[in-house]
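In what follows, a single structure is set out as structure tokens and then discussed.
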Amino acid sequence: QQKVQQSPESLIVPEGGMASLNCTSSDRNVDYFWWYRQHSGKSPKMLMSIFSNGEKEEGRFTVHLNKASLHTSLHIRDSQPSDSALYLCAASIPGYQNFYFGKGTSLTVIP
Amino acid sequence: GPKVLQIPSHQIIDMGQMVTLNCDPVSNHLYFYWYKQILGQQMEFLVNFYNGKVMEKSKLFKDQFSVERPDGSYFTLKIQPTALEDSAVYFCASSLSQNTLYFGAGTRLSVL
């Protein structure tokens, strides 16, 4: 069973718009979440991580986490064409050295 | 930032042949991983490795797969024999602890 589910599968937003991506885990043992961004033909790069309930902001990117529902979301404001990429959510379980990835959300920002 | 190097970037082989994918992880990292990605889609976990041993492997890590890191050199993924469905991009990653994963640029494996 897939431990990490992401939605939507794909998303198109206009330049300057807000992109909202969702990620949920079905495993109650999950305790840590990461968001990675992978541009086409490149390797994934860690964008943001969140371990505590609440919100974390870095520039145009904001991540939310609700530990009770094991739901995290990534919001990109003032989206740019360079933000077009595959966004991967990853989760891990304390004590286990593994990172479980979702299927990703493909974001396209149209100029 | 920290660099993970993967060699080669692209490998083309005939079905049934053996292939070895090489990874030079970040120097002070302790945990090493192989992931498989097809068509820029889901990053699928294959195996992780720590202190000279496989810690966890997925169902995708078939009997034909093996990993090792002899004497702190390259962390390798060997497939013997290869099958058509092994065609994919294989990413190596390393981490210091249960922390950020750093990925290499990937090796595109084409099995003909």
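The model shown is predicted, which means the values in this text are computed figures rather than measured ones. Lettering of chains follows the sequences in order, A, B, ..., and the numbering in each one begins at 1.
- Taking all atoms of both residues into account, the shortest heavy-atom contact from B:Ala105 to A:Ser43 is CA-CB, 4.1 Å.
- More than 12 heavy atoms of other residues, nucleotides or ligands lie within 6.0 Å of CE in A:Met18, so this atom counts as buried by the packing criterion.
- By the neighbour-count criterion of 12 heavy atoms within 6.0 Å, atom OH of B:Tyr74 is sparsely surrounded, having that number or fewer from other residues, nucleotides or ligands.
- Interatomic distance, CG of A:Leu88 versus CE of B:Met43, reported as 5.5 Å (0.5 Å rounding).
- Residues B:Tyr31 and A:Asn98 are not in side-chain contact: their nearest non-hydrogen atoms beyond the backbone lie 4.5 Å or more apart.
- Contacts of A:Gln6 with chain B are absent, with no heavy-atom separation under 4.5 Å from either backbone or side chain.
- Linking Ile, Leu, Val, Met, Phe, Trp and Tyr residues whenever their side-chain heavy atoms come within less than 4.5 Å places A:Val63 and A:Leu47 in a single cluster.
- Comparing B:Gln37, B:Gln6, B:Met55 by heavy-atom pairs within less than 4.5 Å of chain A, the highest count is held by B:Gln37.
- The number of heavy-atom neighbours closer than 6.0 Å to CZ of B:Arg108, taken from other residues, nucleotides and ligands shown, is 12 or below.
- More than 12 heavy atoms of other shown residues, nucleotides or ligands fall within 6.0 angstrom of atom CG in B:Leu112.
- Contacts of B:Phe91 with chain A are made by side-chain atoms alone, with heavy-atom separations under 4.5 Å and no backbone atom involved.
- Atoms OH and CE, from B:Tyr102 and A:Met46 in turn, are 6.5 Å apart once rounded to the nearest 0.5 Å.
- Judged by distance alone, with hydrogens and angles left aside, the side-chain atoms of B:Tyr35 form no donor-acceptor pair with the main-chain N or O of A:Phe101 at under 3.5 Å.
- B:Gln41 contributes no side-chain N or O that, together with a main-chain N or O of A:Lys103, makes up a donor-acceptor pair within less than 3.5 Å.
- The local environment of NZ in B:Lys3 is sparse, with at most 12 non-hydrogen atoms from other residues, nucleotides or ligands closer than 6.0 Å.
- Between atom OH of residue A:Tyr36 and atom CG of residue B:Leu101 there is a gap of 4.0 Å, rounded to the nearest 0.5 Å.
- Heavy atoms from other residues, nucleotides or ligands lying under 6.0 Å from NZ of B:Lys57 number 12 at most.
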